[in-house]
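Note sheet for the following structure.
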Amino acid sequence: MSGNPYQDDRGNKDATITNPSGRGEIEVSTGTGHGSHTAEAFLIGDSMTGGYGKSGPDILHDCTVAVNKGEIAVIVGPNGAGKSTAMKATFGMLNLRQGSVRLDGEDITGLTPQARVVKGMGFVPQTHNIFTSMSVQENLEMGAFIRTDNFKTTMEQVFDLFPILRDKRNQPAGELSGGQRQQVAVGRALMTQPKVLLLDEPTAGVSPIVMDELFDRIIEVARTGISILMVEQNARQALEIADKGYVLVQGANAHTGTGKGLLADEEVRKSFLGG
Amino acid sequence: MIEVHELHRHFGGFRAVDGASLKIAPGSITGLIGPNGAGKSTLFNVIAGVLPPTSGRVVMDGEDITGLPPHELFHKGLLRTFQIAHEFGSMTCRENLMMVPAGQSGEQLWNTWFGRKRIADEERALRAKADEVLEFLTISHIADLRAGEVSGGQKKLLELGRTMMVDAKIVFLDEVGAGVNRTLLYTIADAIKQLNEERGYTFVVIEHDMEFIGRICDPVICMAEGKVLAEGTLDEIKANEQVIEAYLGTGLKNKDKVGA
Amino acid sequence: MTMRGALYFALVALALLGTGLFSSWTVALTILNMGLISAIMSLGVNLQWGYAGLFNVGVAGFVALGGLGAVLMSMSPVGEAWSAGGGRLVLALVIALGTLVGAIALWKRLSRYRVPALVVLLLVGFFAYRAVFDPAVEAIEAVDPSVTGYLGGLGLPVLFGWPFGALLAAGAAWIVGKTALGLRSDYLAIATLGIAEIVVAVLKNEDWLARGVKNVYGVPRPVPYEIDLQNSTRFVEWMQNWGFDPVVGSAVVVKLCYSALFLVVLLALIWMAEMALRSPWGRLMRAIRDNEEAAEAMGKDVTRRHLQIFVLGSAVCGLAGAMMVTLDGQLTPGAYQPLRFTFLIWVMVIVGGSGNNWGAVLGGILIWFFWVQVEPMGQWLMQAITAGMAEDSDLRSHLLDSAAHMRLLTMGLVLLIVLRFSPRGLIPEK
Amino acid sequence: MDFLNALVALTNFVIIPATAYGSQLALGALGVTLIYGILRFSNFAHGDTMAFGAMVTILVTWAFQKMGVSIAPLPTALLALPFGIAATAALVIGTDRAVYRFYREKKAAPVTLVIVSMGVMFVMNGLVRFIIGVDDQRFGDGARFIISARDFKEMTGLREGLAIKTSAGLTIITAVIVVAALFWFLNKTRTGKSMRAYSDNEDLALLSGINPERVVMVTWLIVAALATIAGTLYGLDKSFKPFTYFQLLLPIFASAIVGGLGNPLGAIAGGFLIAYSEVAVTYAWKKVLTYSLPESFAPEGLAQLLSTDYKHAVSFVILIIVLLFKPTGLFKGKSV
Amino acid sequence: GGHMKDVTIGVLVAFTGPLESLAPPIAEGAELAIKEVNDSGKFVDGGVITPVRGDSTCVDAGAATAAAERLITAEGASAIMGAMCSGATGAVFTNVSRPNGILQISPSATSPGLTALEDDNLFFRLAPSDARQGEVMTDVIMDKGFKEVALTYTNNDYGKGLADSFQSAFEAAGGTVTISAAHEDGKSDYSAEVGALASAGGEVLVVAGYADQGGAGVIQAALDSGAFDTFVLPDGMVTSALTDRFGADLDGSFGQNPSASGDAAASYEQMAEAAGFDGSSPYAKEGYDSAALIMLAMHATGSTEGKVLAEKVWELANGPGEKIYPGELGKAMEILSAGGAIDYEGASSVNLIGPGEASGSYREIVVEGGEIKEVGFR
Ligand SMILES: Nc1ncnc2c1ncn2[C@@H]1O[C@H](COP(=O)(O)OP(=O)(O)OP(=O)(O)O)[C@@H](O)[C@H]1O
Ligand SMILES: Nc1ncnc2c1ncn2[C@@H]1O[C@H](COP(=O)(O)OP(=O)(O)OP(=O)(O)O)[C@@H](O)[C@H]1O
Ligand SMILES: CC(C)C[C@H](N)C(=O)O
Ligand SMILES: [Mg+2]
Ligand SMILES: [Mg+2]
């Protein structure tokens, strides 16, 4: 149980994914030293400090992640480092004590998650990332909830990418296997046709062949001008396709560089990529 | 050790497990791979007594264990971990371990009122044992944290730790690796190997990370569409055309275009 | 218990003291006594919900069974009724039981034709049972129906009725648990609610058992009667020596005797519950509540444990039921309505803080206090509102006439306010 | 031997009343099931919400009757319904703002919300009695029968009569239409799907750009409409009395649960199951058998399985048996 | 106990709960009597009587006991008018009134079980015994020539007691009760009951219930389905609420209720109407009479001591002396002050028997043109 006195574990979903009432107390700060390579980035979570709940300990310490237009940025790091927390912070789901989030030059630190969706951000959380009682097709439709145009073709594209989903389009997503669910989750986010896509471990539990497909697709998506910020534990494959890589350790930036650069770094390989 | 005969598990008309037969040799670490939806987790769930089979038999050491409830299987030495960690979230990590051993006298109500002394003694021993396991898994520092609030990888280690609190015969691990940092994962691999060698546990491991499989597993079984597709050493499997087509694939197509 | 918890208990004590000082001591003690019984009931529910997450909405049924237990132990047997139809009735019950046992055995043995065989057996059994049962009941109920018309009890001291009431409730809970504990959340809830309705329906309609809706009056007491005290010169002298009015004194003394009895039971139960909770048993229960599937995989027989705690919790409710009938001095089956005996108990548990024994006890006493005191509070509220209005205004008289309905409205407001400021209960779990 | 009379007797005393009662339960259960499905708690205040809606409708009906407005042969109350719905919607949305929203934001456990709804129930309970009192209120007008027993006998010359009340007919038709509409709304429209998404995974719904406050608002609006319609139709058919609306809560919950919580079809199936089991199991078959069997076989006794004292008990027994075979209700409901 | 000037009387009825709609007229009846005494200014020592209300809830003995406890020990009530339902009445009497030595008169508790209550003679009730009404009703029905009836009763001690006594009396007189089916008050639907009743058949349907509760529900369903068109109405059903609701549909139905000769009842109903409540509601008359008896006893004895009052109540209720009808409380007090004797008849023809219960005389009624018409007395 978190420190929240109003909450009860039983029957509750992860209460930390969202912050429905919008914001807590935020002090907007302009860059603190990491500005050099993030200055013109499309999405920046700049010098973020904060944690869960109103009074929980800080998980992030002056942490910065950013991605340029049409590029892929990958966050790696040990379990519990705060990768997911950084993603949630960027999406406005927890109270930042310090730092700011900017999208395309605009400060969006004060926006609710829904408002960020409207601004063109898409997110696939690490867990609880599908509507289990709804059919696969309805899951995808919900991904396109804010779209007013016809999304039939996008859906076809998703089905082409993950053929198994086409077969199971009318099955409740909760009945799918672990890897199939993951495909639904990514499919849902793709339906949004966002400007920037945040993916928290999209390949966890998917088979090698699907993982390759997925990475391929991510590259294609990025090439259409959409920025991708993702957390990955299949770090070597991910860093290979990454334009930029961040290594987070204990809520702070430990290493930053190009994907190739990090892959080449002996220390990074050994401590975080499994040798 | 475990023999699965012609096992079927259908959901409505859908055959998730469709006549799978396999043998697990005692003392082995068997890898179970296969595309998403191949029926691996379903197979596990049927063996572990969570789902009743549609038809077929599971035999352990010559005894038919088909459809026995999980808690009875536990007492026969068959343990399992979950694909998604099933920790006891409101209890501390140490308590998560201490609750495992069977036959604790403190689980009998009568003793909680009139056998306090015996309980205290047992608890001391249990605590020592739990600390030992935590030490072994290099997570002593989280002993007193609530299990619900530790990170994903630590939960996975805790799952593994629970199997170490008793003398298991065979342990089923469902994707210990998904979401776990690779460096840590290979530490876990070493732990599994160690348990296998030192304590003689038999393991069956579902995993999508080929490197992990390669480090510890022999033999490897590949499932597809509810059936066993291929069986052999990892190298044999990797060379199998069907397995490549259904499961392994041939790598990234767009790789060369990155950064172009 | 925390500081905060102790503070709340002190506040409740203060409220009762205030009632004693400003209104009357007997009122305060009446509230306290029923509050103690309520506390025991909510302890029982807390055992089931707080420890194991079992959603039991059949409290009223178990409480009623407890009450039946007290009656069956303590009322004197009605010899005439026994000779009129007692033997045949027992025979009928044996036939019914035999049929059921036979049916179960049949179900287990046979594999072919088991449905038709079962139907035949049940039908034959049912008609044989009715053939013996109906005339027996008629004979029994014809014996002086306005005063007895039932078999009566064993004529033992009523204190024996308490464990017996608990036992009856436990027995029923065991049967319910065996069949329905596979259900979850609200589905279990409605099933238990149904069982309670069935129990109460039986109690209301089977007059031979405990007079049905005609009520059993005059259940004996474990403590002296006020009248006897008032008639005892020693007591009167004793009271006068202390400067008390013997009438008031006798009422207070009798109520204090009850309080002492109830308090002993309550404390014993709390001790047992706390000891269990703080041992591996409690750890096991929490584990099951956290994650049944994992507990099952760790070799714990979840079904058996659920059954155990369901039976225990229900037994505690039954005990409280027997105590209540003893305090009221009568069994009124029509009174076992879900609002009062199920949902109100749930309010007590949740407001007190589910999962915490002290919380449940606090909730029991506190909510009972309000349940009784909202009536004058509601009237007072109305008076305050209408104070400034013209004597003969229609609105004023309408408001004053509606004062009685302020009772539940005030209760609602109290509930909403308490839950607003401590949504997890006054003394939350850990 | 007279099958026709037997059939008519059975229709008149079992089928028609049970169908009408079942539809009434279903309408109530729909509201309960919707709140459970979307907002995820059992709303104990629903009976009193129905009472409130019916009360406003009655007050407006009286006003209309005074003014001489009428849509005979249909009851004037139908004309007053929109006002009742509007007032009830205002009440429940106000309640949501003042009470429920707080707990939603705190992500309180469902059981806390259940208890909170009991608080709301007490308050509404007082409110209704405060405004209209505790007594029976009559407000029905228009044609009472579609066909009355007497007319039927005259028409057909049969010995048994068959009566269909206007209110019963209205209830059945409304229930069918409402269930179909709700089913269509939840499964086919964008708003409906977004409501289901919200109920399934609130957080993810947020990430898809669904506005939770809107979902909650729409839910309460529908619930207010359902409660008012159900309450008014029930009042027309039986009578309006605040206390019975509270008592109605139990069979309504039973219907919603046995049908499968969160499922509109389940609500109607559950309603019929409860109604039919109450009416049919304790039915005395004497008359029907006397008509349909040769004279010499005519039954001596009542041919009644169990006395009516046990009708609730029996319906609960059936409910429990159903749940034992279908642990989440007939239509695979949700469970928190 | 002891001497007094101003006294308080507890008015303990079920303002909330399943019979909540019966409560206000009873309470207002009692308060009407109290107001009458106060207005006359003739109460002993020029004292003033204050009524205090308590809620006996009907189904919650615990809450009823606590309320009574409050009335007596906190508000200082010296006697109790109440409680309404037999269950609550028994609990309140044994747990509160008797230990405190307080006089309690219930206007409406009818359970025969209360007869056996150990009461130190402190408990009275003005409700007629259920056993008696069964016999009267048998005569009424037999006289109309009906031999086969169906019977439904409200499932509480009142309904059950009445149904039992009626059934045995009727069968002893050679009639047939085709079915005796209980119904629960306050429930939503009575189709099952009516289905069973209709199937069992019978010339008329005896409805031993309450006019604004299940009794009305059963009649409604029976009329709607054409199962019965003539009903026999015992006390709980004979109210204008019933005829208001069903009007001429009830024509031909008949019944009886305990009541004084027409004048007293009628004049009481007029008094009630002037005071703004329905005096024909069940037990509203007994409410008035209970309070009146309590006050007259206080006036006559100048005491509030339960035992003293209780003895006096016997005398006042059963005479001999001048007959006192509603609205004549002032006169009664004058007679008593002057050392005379009265025989309190009141609105409900009070006459106590055996263990302190009303004997009750019954008025026979028929429904004609949607109105209750009195046709005789038994
Ligand atoms: N709901 C929560 N409440 C309180 N603390 C939390 C919560 N979720 C995570 N934490 C803490 O925040 C820290 C960072 O967690 P986070 O989930 O961001 O890690 P991560 O880097 O994504 O790890 P993983 O690779 O295992 O997913 C951890 O120490 C964890 O204990
Ligand atoms: N409850 C269910 N109802 C219907 N179909 C189901 C159900 N559970 C699983 N399935 C189907 O059974 C198939 C096998 O699922 P399973 O979880 O065993 O796959 P898996 O091999 O473990 O895959 P992964 O590697 O993705 O975890 C999947 O296609 C899934 O859709
Ligand atoms: C008020 C009355 C309806 C009470 C009923 N006669 C009883 O004794 O319970
Ligand atoms: Mg993470
Ligand atoms: Mg799997």
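Every chain is numbered from 1, with letters handed out A, B, ... down the list of sequences. The shown structure was predicted, so the numbers you read here are calculated from the model rather than taken from an experiment.
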Quiz item: For the residue pair Trp371(C) and Phe122(D), does the interplanar ring angle fall in the parallel (under 30°), tilted (30 to 60°) or perpendicular (over 60°) class?
Solution: tilted

Self-check item: Leading residue by heavy atom contact count with chain C [cutoff under 4.5 Å; candidates Val258(D), Leu127(D), Leu250(D), Val114(D)]
Solution: Leu250(D)

Practice problem: Would you mind reporting whether Asp186(C) and Ser42(D) have side-chain heavy atoms less than 4.5 Å apart? | Solution: yes

Quiz item: Do His398(C) side-chain atoms and Phe130(D) backbone N/O form a donor-acceptor pair below 3.5 Å?
Solution: yes

Practice problem: Check each atom of Ala45(D) against the heavy atoms of chain C and say whether the ones under 4.5 Å are side chain, backbone, both or neither. | Solution: neither

Quiz prompt | Spacing of CD1 belonging to Ile320(D) relative to OH belonging to Tyr187(C), to within rounding of 0.5 Å | solution = 15.5 Å

Self-check item: Which portion of Leu323(D) sits near chain C, non-hydrogen atoms under 4.5 angstrom
Solution: both

Quiz item: Within a strict 4.5 Å, meaning less than it, do heavy atoms of the Val134(D) and His405(C) side chains meet?
Solution: yes

Self-check item: Results of salt bridge (charged side-chain N to carboxylate O under 4.0 Å, His left out) for Asp135(D) - residues two or more places apart only
Solution: none

Quiz item: What's the verdict on side-chain contact (heavy atoms from CB on, under 4.5 Å) for Leu193(C) and Phe253(D), showing C-alpha distance, side-chain angles and the deciding distance?
Solution: CA-CA 11 Å; Leu193(C) 182 76; Phe253(D) 265 112; over 6 Å; no

Quiz item: Which bit of Arg407(C) comes within less than 4.5 Å of chain D, counting heavy atoms only: side chain, backbone, both or neither?
Solution: neither

Quiz item: Atom CE in Met118(D), atom CE in Met411(C): separation rounded to 0.5 Å?
Solution: 8.5 Å

Quiz item: For Leu188(C), is it the side chain, the backbone, both or neither that has a heavy atom under 4.5 Å from a heavy atom of chain D?
Solution: neither

Quiz item: Using a cut-off of under 4.5 Å for heavy-atom pairs, which of Val199(C), Val202(C), Ile195(C) has the most such pairs with chain D?
Solution: Val202(C)

Quiz prompt | Spacing of CG belonging to Leu409(C) relative to CE belonging to Met124(D), to within rounding of 0.5 Å | solution = 11.0 Å

Quiz item: Which heavy-atom pair separates Met121(D) from Leu339(C) by the least distance, and what is that distance?
Solution: CE-CD1, 3.8 Å

Practice problem: Could you tell me which portion of Ile257(D) (side chain, backbone, both or neither) has an atom closer than 4.5 angstrom to a non-hydrogen atom of chain C? | Solution: both

Quiz item: Measuring heavy-atom distances to chain D, does Leu413(C) have an atom under 4.5 Å in its side chain, in its backbone, in both, or in neither?
Solution: both

Exercise. Applying side-chain contact (heavy atoms from CB on, under 4.5 Å) between Ile115(D) and each of Val349(C), Leu416(C), Leu419(C), report the one that passes.
Key: Leu419(C)

Self-check item: Atom group of Asn125(D) that falls short of 4.5 Å from chain C, counting heavy atoms
Solution: side chain

Practice problem: Evaluate whether atom CD of Glu138(C) has more than 12 neighbouring non-hydrogen atoms of other residues, nucleotides or ligands under 6.0 angstrom away. | Solution: no

Quiz prompt | Tyr310(D) OH to Asn205(C) CG distance, which is reported to the nearest 0.5 Å | solution = 5.0 Å

Practice problem: Check the surroundings of atom CH2 in Trp62(D): do more than 12 heavy atoms from other residues, nucleotides or ligands lie under 6.0 Å from it? | Solution: yes

